[in-house]
Amino acid sequence: MAPPRIYKNFIDGEWVDSLCGQTFENLNPANRDDLVGIFPKSGPDDIDRAVNAAREAYKSWRLVPAPKRGEILFRAARLLQERKETLAQQMTREMGKVLEEARGDVQEAIDMTFYMAGEGRRQFGQTTPSELPNKFCMTVRSPIGVAALITPWNFPMAIPAWKCMPALICGNTVVLKPAEDTPLSAYNLVQVLEEAGIPRGVVNLVCGFGPEVGAPLVRHPDVRLVSFTGSGEVGRDVAAACASSFKHTCLEMGGKNVIIVMDDANLDLAVDGAVWGGFGTTGQRCTAASRVVVHKKVYKEFAEVLVAHAEALRVGDGLDPATQMGPLINEAQLATVDRYVQIGKDEGAKLLCGGKRLTGGLYDRGSFYAPTVFGDCDPRMRIAQEEIFGPVVSLIPCDDLDHAIEIGNSVIYGLSSAIYTQDVSKAFRAMRDMETGIFYVNASTIGAETHLPFGGMKQTGNGHREAATAALDFYSEWKSVYVDFSGKLQRAQIDNA
Ligand code: NAD
């Protein structure tokens with residue numbers, strides 16, 4: 001067998017080892033005997049180097065015309081397109097999601113890169129009349145400085161791209177710290193940016209763990225922006241660390257998303273949506289449909305068909321084309337899922353299928369769990385309130401639309417929700433009343449597109465949005481510009497009163 005490949009950090013345009021020389025292993029969650037690669041276990045000194053490089057590079061990058069920055073992003077998008085299949089296969093190997101979904105993850109990075117490349121020629125501001133004669137007013141976007149980007153493992157290339165591309169097109173420089181479970185996809189993205197011609201120091205990659213790399217990065221005095229996607233627990237720590245120096249902070253955190261199924265819904269369509277939303281990416285999407293609230297008139301029928309579909313799902317290695325659901329990311333996540341299943345049973349929810357680790361054959365080498373459905377859940381149960389991040393769906397019966405909306409909104413999160421109904425009035429009422437940043441009608445809770453804002457209400461986020469032009473609002477600051485060509489002193493609010 002060939003020795004495992006050793007990967008490096010990317011700092012100031014060079015591929016380098018961590019200063020302490022330590023490394024960590026990236027394992028395939030479908031087969032723990034398969035070592036995907038060895039990555040640098042970095043520390044605060046590496047962060048210091050990377051932030052210094054980004055700070056120096058910012059001096060010239062902010063002055064590069066945005067359309068020129070866009071040309072680099074266009075080249076990067078084309079390289080990603082050319083390599084899509086290889087990148088997807090490597091992603092499945094390091095993260096476990098089925099190959100079709102890994103292709104989708106790379107495609108999302110491609111879409112975002114093209115989209116933000118185009119923003120190089122837009123970034124439109126406003127011109128507006130002045131209240132004084134012979135005076136001109138406009139707004140322009142200004143870059144901010146060094147951006148710290150901290151990403152989770154569930155979208156190993158899409159999320160780093162969501163953050164890097166808008167940061168770069170606005171003229172910021174970046175230090176990217178990917179999740180320790182999925183450094184390879186971030187490495188591949190940064191390599192593409194290097195090949196596309198990104199100047200040295202503009203993009204830096206530092207691999208390693210949260211406490212040793214993420215924590216010093218968000219606290220670094222030369223970091224001006226922090227964009228974090230991950231758990232609420234870490235997000236709270238990041239927010240507190242940024243507060244003392246008023247760093248701009250964008251937080252995208254957990255979800256407890258809901259599908260509402262009304263009694264007039266197309267039930268086959270709704271079941272398809274619940275299966276895709278609940279078990280796609282093994283339930284490890286921030287937008288996963290972990291709750292399904294079903295009208296009592298159709299509850300029994302819906303539950304039976306959903307369970308039949310869940311039991312029929314083929315679980316296995318995501319590289320096998322027959323596989324419909326891959327493994328969980330690691331043993332810790334599997335233990336969390338198993339703990340919640342026990343909590344659900346103890347709370348009195350009815351286990352309709354799954355509820356156990358899969359064993360035997362290839363299952364013994366990876367972190368595989370059976371697709372799990374709980375029935376007759378009370379919306380106050382912990383399994384119906386807390387993010388599990390695994391293939392566990394809680395079914396909750398409801399009386400009518402008002403009841404469904406009340407249940408849907410009864411959690412601390414507000415990322416995504418969906419309704420299945422044929423009644424346009426019900427669809428619009430739910431659209432208005434659901435407290436989520438994303439809402440679907442007759443489609444599942446997952447499937448965001450890159451040209452629409454992405455993010456959540458309540459404790460899912462802190463009011464910012466990723467993707468679309470909304471992302472530019474985080475990665476730039478508005479500058480209001482007044483040009484007085486009257487040749488005399490003109491005093492706003494005084495001379496024209
Ligand atoms: P996590 O919070 O454990 O880790 C996220 C990142 O933060 C990793 O890179 C990690 O190394 C880093 N980190 C850990 N401790 C840190 C610290 N003290 N300071 C700075 N950085 C630190 O989350 P995860 O397990 O990787 O991802 C799963 C979570 O992400 C789920 O809660 C999921 O809902 C959420 N998520 C949210 C969205 C969204 O857009 N709302 C998208 C994807 C995932």
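Remember, it's 1-based here, ligands and their atoms both numbered in the order they're listed.
Of the listed residues (D34, N31, D317), just one forms a side-chain hydrogen bond (donor to acceptor under 3.5 Å, both in side chains) with R93, and that residue is D34. Each of K97, K84, R285 was checked for a salt bridge (charged side-chain N to carboxylate O under 4.0 Å, His left out) with D105, and the lone residue meeting it is K97.
The shell of residues lying under 4.0 angstrom from ligand 1, judged by heavy atoms, excludes L217. Residue-ligand proximity: F155 is placed with every non-hydrogen atom at 4.0 Å or more from ligand 1. For the pair G456 and ligand 1, no heavy-atom separation below 4.0 Å is found.
Contacts between T229 and ligand 1, counted as non-hydrogen atom pairs separated by less than 4.0 Å, involve both the backbone and the side chain. Heavy atoms of R285 found under 4.0 angstrom from ligand 1: none, in either backbone or side chain. Counting heavy atoms under 4.0 Å from ligand 1, residue V218 does not touch it at all. Only the side chain of E387 comes within contact range of ligand 1, with a heavy atom under 4.0 Å; no backbone atom does.
Residue P152 has at least one heavy-atom neighbour below 4.0 Å for each of these atoms of ligand 1: 26 (O), 27 (O), 43 (C), 44 (C). When each atom of ligand 1 is checked for a heavy atom of N154 under 4.0 Å away, the hits are 43 (C), 44 (C). Annotation for ligand 1: atoms under 4.0 Å from non-hydrogen atoms of T151 are 6 (C), 8 (C), 9 (O). Within ligand 1, the atoms closer than 4.0 Å to a non-hydrogen atom of G214 are 19 (N), 20 (C), 21 (N), numbered from 1 in the order shown. Ligand 1 places these atoms under 4.0 Å from at least one heavy atom of E180: 10 (C), 11 (O). Atom numbering of ligand 1 starts at 1 in the shown order; those under 4.0 Å from a heavy atom of I159 are 42 (C), 43 (C).
Closest protein heavy atom to atom 28 (C) of ligand 1: F389 CE2, 3.6 Å. Protein heavy atom nearest atom 25 (O) of ligand 1, with residue, atom name and distance: W153 NE1, 3.0 Å. Atom 41 (N) of ligand 1 has as its closest protein heavy atom M253 O, 2.7 Å. Distance from atom 12 (C) of ligand 1 to its nearest protein heavy atom, with residue and atom name: I150 CG2, 3.7 Å. When only non-hydrogen protein atoms are considered, atom 36 (N) of ligand 1 lies nearest to C286 CB, 3.6 Å. Residue, atom and distance of the protein heavy atom nearest to atom 35 (C) of ligand 1 are G230 O, 3.2 Å. At the shortest separation from atom 2 (O) of ligand 1 among protein heavy atoms lies S231 OG, 2.6 Å.
Side-chain contact check for M95 versus I329: some heavy-atom pair is nearer than 4.5 Å. W162 places a side-chain heavy atom less than 4.5 Å from the side chain of M112. Side-chain contact between C286 and E252 is absent, with no heavy-atom pair separated by less than 4.5 Å. Within the 4.5 Å cutoff, the side chain of T469 has heavy atoms near those of the Y115 side chain. The shortest distance between side-chain heavy atoms of L328 and V337 falls below 4.5 Å. Between N172 and P143 the shortest side-chain heavy-atom distance falls below 4.5 Å. D272 is not listed as a side-chain neighbour of W276, based on a closest heavy-atom distance of 4.5 Å or more. Within the 4.5 Å cutoff, the side chain of V206 has heavy atoms near those of the V175 side chain.
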Please lay out, stage by stage, how E14 and R200 fare under the test salt bridge (Lys or Arg N to Asp or Glu O under 4.0 Å). CA-CA 8 Å; E14 309 283 340; R200 64 183 300 157; 3.8 Å; yes

Could you give me the CA-CA distance, side-chain angles and deciding distance for W153 and F389, then say whether ring-ring contact (aromatic ring centres under 6.0 Å, His included) is met? CA-CA 12 Å; W153 44 262; F389 229 53; 5.5 Å; yes

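Among G235, A241, G210, the residue whose heavy atom lies closest to atom 13 (N) of ligand 1 is G210. Across W162, F454, F228, heavy-atom proximity to atom 40 (O) of ligand 1 is greatest for F454. Atom 19 (N) of ligand 1 has its nearest heavy-atom neighbour, among C207, A215, A186, G455, in A215. Comparing D237, L251, V234, T460 by heavy-atom distance to atom 16 (C) of ligand 1, the nearest is V234.
Looking at every heavy atom in both residues, K247 comes nearest to V223 through CE-O, 2.8 Å. Minimum heavy-atom separation, E331 to R357: OE2-NH2, 2.8 Å.
In this pair, Y187 and F39 present their aromatic rings perpendicular. The plane angle is above 60°, beyond the 30 to 60° band.
Contact annotation for atom 4 (O) of ligand 1: protein absent (non-hydrogen atoms, distance under 4.0 Å).
Remark: ligand 1 and V238 share no N or O pair separated by less than 3.5 Å (distance only, no angle test).
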